[in-house]
Every structure is written in C-alpha cells, then in structure tokens.
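Below: the structure, in structure tokens.
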Amino acid sequence: MPKMQDMEESKARQEDNEEIIKMNIKQFIEATRQYLFELAAAQPALAPIPVRKDR
C-alpha cells in the first residue's frame, strides 16, 4: 500500500507536469502567432477587385 507521503509527492509531480505542459502550449502558440504575423507581413497586400454594379 503506498504511503501518504508517496501519494502526495506523486500528486505534486503531476501538478508540476501539468504546469510545464501549459507553459509549453502557451510558448508554442506565441511562437506560432509571431511566425504567422511575420509571414502575413511579408505577403503583398491584395488589391481590391472592383465590382461592376448592374444598372
């Protein structure tokens, strides 16, 4: 039967792991956002296409 201390250490490790995962996801999202913004900035702006109105 696991000791109470072992169970508490396991729970603490799990919580630490969850925090690390959350930080990694946030860092990934931020890096992706920066990459996509740079990619979008490098693209020439699309010219609006004039629409002919029916008379």
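- At a threshold of 4.5 Å between non-hydrogen side-chain atoms, the residues Ser10 and Arg13 count as touching.
- In this structure, Thr32 contributes its side chain and Phe28 its backbone to a donor-acceptor pair below 3.5 Å.
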Practice item. Test Met4 against Glu8 for side chain to side chain contact (heavy atoms under 4.5 Å, CB included), laying out the working first. Key: CA-CA 6 Å; Met4 183 62 104; Glu8 289 173 358; 3.6 Å; yes
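- Residues forming a side chain to side chain contact (heavy atoms under 4.5 Å, CB included) with Asp16 (at least two apart in sequence, or on another chain): none.
- Considering NZ of Lys3 and CE of Met7, their distance stands at 13.5 Å, rounded to 0.5 Å.
- Both Ile21 and Ile29 are assigned to one and the same hydrophobic cluster, defined by single-linkage of ILVMFWY side chains at heavy-atom distances under 4.5 Å.
- Annotation for Glu30: atom CD counts as buried by contact number, over 12 foreign heavy atoms lying within 6.0 Å.
- Glu15 pairs by the side chain to side chain contact (heavy atoms under 4.5 Å, CB included) definition with Lys11, not counting sequence neighbours.
- Note: Ile25 CD1 to Ile20 CD1 = 12.0 Å, rounded to the nearest 0.5 Å.
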